[in-house]
Undergrad: 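Have a look at the structure that comes next, please.
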Amino acid sequence: MLLSFRRRLSKLSSDTILSKPFLAGLAFAMIAASVSAPASAGSLNTKPQILALSETPAGEEEEINPAQVPLPGPLRQVPTETYRAPGAEAPADNGAVERDITRPHISPDGKIPEISYDYSKLPQPVQDTRKKILDIAKAGKIDALKPLLGDGGENSPLLSLGEYDGTPLEFLKSLSGDSNGQELLAILVDLLESGYAHLDAGTPSEVYVWPYFFAYPLDKLDDRQMVELYQLITAGDFEEMKGVGAYIFYRLGITPDGSWKFFVAGD
């Protein structure tokens with residue numbers, strides 16, 4: 001660039017070369033050319049900066065990929081407490097294992113419990129209590145359960161694995177999706193018209209439980225039983241229960257003397 005500039009300069013007249021304004025401008029042009037030329041040459045040889053895919057340019061915020069944001073869990077969460085596996089019950093004072101009859105009771109060795117659909121085989125007190133609850137539930141009047149629910153004392157059925165406020169009747173109404181408690185009554189009907197299991201016969205923990213899924217290994221249910229199960233729960237519920245290892249939706253228990261012992265959900 002400087003060489004071609006000098007060649008053009010030699011063709012100019014001597015009068016022009018000797019003029020002071022021209023010499024001053026020439027000097028400025030030559031200085032500017034000598035400074036900018038190396039910089040321009042250097043910029044041509046500079047390699048573009050390549051950022052790794054994981055890098056973010058300084059001063060710029062990293063963009064969040066919506067696909068990487070975890071989605072919320074399902075709205076319906078059936079488990080309410082940590083599952084206690086069968087055999088983990090605390091021993092009683094006499095050294096014998098006392099089982100919490102409201103908890104899922106799956107035999108560790110996969111033993112199938114005694115199940116039945118024949119309500120006539122139930123002890124008469126159990127038949128009577130079942131019929132009372134079923135008749136009230138089918139009538140759609142939850143207030144009529146009050147005599148069976150009691151005041152929440154020792155003789156009242158267990159309705160929650162934790163504490164609750166209010167009377168047993170008020171608590172049941174609060175669990176229902178409707179203000180009249182009829183959704184919960186429908187669940188009672190579905191349970192008491194399903195098959196039942198007879199557990200811990202001849203022991204202080206003896207109880208008749210609806211549905212029998214409460215004590216049945218989920219991985220041993222056949223096709224017919226799966227249809228029965230889906231009459232009570234959804235496929236999504238079943239997937240959650242497989243993770244827990246037991247049926248943990250609503251179940252109802254009555255002891256041989258006809259006492260309504262529990263109506264609970266959860267683990």
Side-chain angles (χ1 to χ4, degrees), residues 75-84 89-90 98-105 119 122-200 204-215 231-233 237 241 244 246-267:
L75 294 178
R76 182 179 186 182
Q77 298 291 340
V78 177
T80 57
E81 297 183 17
T82 303
Y83 176 61
R84 182 172 58 188
E89 297 83 3
E98 183 178 355
R99 187 178 67 81
D100 182 352
I101 61 174
T102 67
R103 304 282 179 170
H105 186 47
Y119 308 125
L122 294 166
Q124 192 59 48
V126 178
Q127 290 188 45
D128 294 342
T129 299
R130 172 186 173 272
K131 186 176 186 303
K132 288 178 184 178
I133 300 172
L134 191 56
D135 288 347
I136 292 172
K138 286 185 174 182
K141 303 294 184 181
I142 196 170
D143 288 344
L145 285 176
K146 186 173 182 179
L148 296 176
L149 294 172
D151 58 3
E154 292 184 359
N155 295 326
S156 294
L158 184 68
L159 302 178
S160 173
L161 300 180
E163 298 181 358
Y164 62 85
D165 296 326
T167 66
L169 181 59
E170 291 171 341
F171 178 67
L172 277 190
K173 287 182 177 180
S174 72
L175 294 177
S176 189
D178 66 297
S179 59
N180 295 321
Q182 291 167 340
E183 180 188 51
L184 208 65
L185 294 178
I187 293 175
L188 282 171
V189 173
D190 288 342
L191 295 183
L192 291 173
E193 290 188 339
S194 66
Y196 62 90
H198 183 199
L199 305 177
D200 301 329
S205 299
E206 184 174 5
V207 65
Y208 294 84
V209 180
W210 287 262
Y212 69 84
F213 304 114
F214 170 76
Q231 290 180 287
L232 300 173
I233 65 171
D237 294 333
M241 292 178 189
V244 174
Y247 169 92
I248 54 174
F249 191 52
Y250 280 103
R251 60 267 190 186
L252 183 150
I254 303 175
T255 55
D257 62 358
S259 297
W260 185 4
K261 294 301 292 184
F262 59 85
F263 173 55
V264 296
D267 63 335

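All values below come from the heavy atoms of this structure, side chains included, with hydrogens, waters and symmetry mates left out. Residues: numbered from 1 along the sequence shown.
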Undergrad: Quick one: closest heavy-atom pair of Ser156 and Asp151, and the distance?
TA: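 Heavy atoms of Ser156 and Asp151 come nearest at OG-N, 3.4 Å.
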Undergrad: Kindly compute the distance separating CD1 (Ile254) from CD (Gln127), expressed to the nearest 0.5 Å.
TA: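 If I round to the nearest 0.5 Å, the distance is 10.5 Å.
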Undergrad: Would you call Val189 and Leu134 a side-chain contact if the rule is heavy atoms closer than 4.5 Å?
TA: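 Sidechains of Leu134 and Val189: in contact.
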Undergrad: If you define the side chain from C-beta out and look only at heavy atoms, does anything of Phe249 sit under 4.5 Å from Met241?
TA: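 The answer is yes; the side chains approach within 4.5 Å.
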Undergrad: In terms of heavy-atom contacts, does CG of Asn155 have more than 12 from other residues, nucleotides or ligands at under 6.0 Å?
TA: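 No, the 6.0 Å shell around CG holds no more than 12 heavy atoms from other groups.
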Undergrad: Is it true that a side-chain atom of Ser259 and a backbone atom of Lys261 form a donor plus acceptor pair closer than 3.5 Å?
TA: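 Not at all, since once roles are kept as given, no pair shorter than 3.5 Å links the two residues.
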Undergrad: For the CD1 atom of Ile233 and the CD1 atom of Ile248, what is their distance to the nearest 0.5 Å?
TA: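 One gets 9.0 Å once the value is rounded to the nearest 0.5 Å.
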Undergrad: Please set out all donor-acceptor pairs under 3.5 angstrom arising from side-chain atoms of residues 136-145, sequence neighbours excluded.
TA:
residue	atom	partner	partner atom	Å
Lys138	NZ	Glu193	OE2	2.7
Asp143	OD1	Lys173	NZ	2.7

Undergrad: Kindly give the heavy-atom pair with the smallest separation between Gly152 and Pro168, and that separation in Å.
TA: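 Distance-wise, the nearest heavy atoms are N-CG, 3.4 Å.
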Undergrad: For residues Pro256 and Pro123, report the shortest heavy-atom separation together with the two atoms involved.
TA: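 Between these two residues, the closest heavy atoms are O-CB, 4.0 Å.
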Undergrad: Just verifying a value: how many Å separate Asp257 CG and Glu206 CD, rounded to the nearest 0.5 Å?
TA: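 Here the interatomic distance stands at 10.0 Å.
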Undergrad: Report the residues that fulfil side-chain contact (heavy atoms from CB on, under 4.5 Å) with Glu154, sequence neighbours left out, ordered by chain and then residue number.
TA: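 For Glu154 there are no side-chain contact (heavy atoms from CB on, under 4.5 Å) partners, ignoring immediate neighbours.
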Undergrad: Using atom types as modelled and distance alone, determine if a side-chain donor or acceptor of Thr129 lies under 3.5 Å from a backbone N or O of Gly258.
TA: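 Yes, because the side chain of Thr129 sits within donor-acceptor range (under 3.5 Å) of the backbone of Gly258.
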Undergrad: Measure the spacing between CD of Gln124 and NZ of Lys131 and express it to the nearest 0.5 Å.
TA: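 Output value for this atom pair is 11.0 Å.
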Undergrad: Give me the one residue out of Phe214, Phe263, Trp210 that meets side chain to side chain contact (heavy atoms under 4.5 Å, CB included) with Tyr250.
TA: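 Result for side chain to side chain contact (heavy atoms under 4.5 Å, CB included) with Tyr250: Phe263.
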Undergrad: When rounded to the nearest 0.5 angstrom, what is the spacing between CH2 in Trp260 and CD1 in Ile133?
TA: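 Nearest 0.5 Å value for the CH2-CD1 distance: 4.5 Å.
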Undergrad: Mind listing the closest non-hydrogen atom pair of Ser194 and Tyr119 along with its distance?
TA: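 Taking Ser194 first and Tyr119 second, the nearest heavy atoms are O-OH, 3.0 Å.
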Undergrad: Quick one: pull up OG1 in Thr167 and CG in Leu159 and give me the separation to the nearest 0.5 Å.
TA: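 Thr167 atom OG1 to Leu159 atom CG measures 9.5 Å (nearest 0.5 Å).
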Undergrad: Taking Asn180 for its side chain and Gln182 for its backbone only, find out whether a donor-acceptor pair lies under 3.5 Å.
TA: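 Checking the backbone N and O of Gln182 against the side chain of Asn180, no donor-acceptor pair under 3.5 Å is found.
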Undergrad: Evaluate the side chain to side chain contact (heavy atoms under 4.5 Å, CB included) criterion for residues Leu122 and Tyr196: first the C-alpha distance (whole Å), next the side-chain angles of each, then the deciding distance (0.1 Å), finally the verdict.
TA: CA-CA 10 Å; Leu122 294 166; Tyr196 62 90; 3.4 Å; yes
Undergrad: When you compare the side chain of Phe262 with that of Arg251, does any pair of heavy atoms fall below 4.5 Å?
TA: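 Arg251 reaches Phe262 side chain to side chain.
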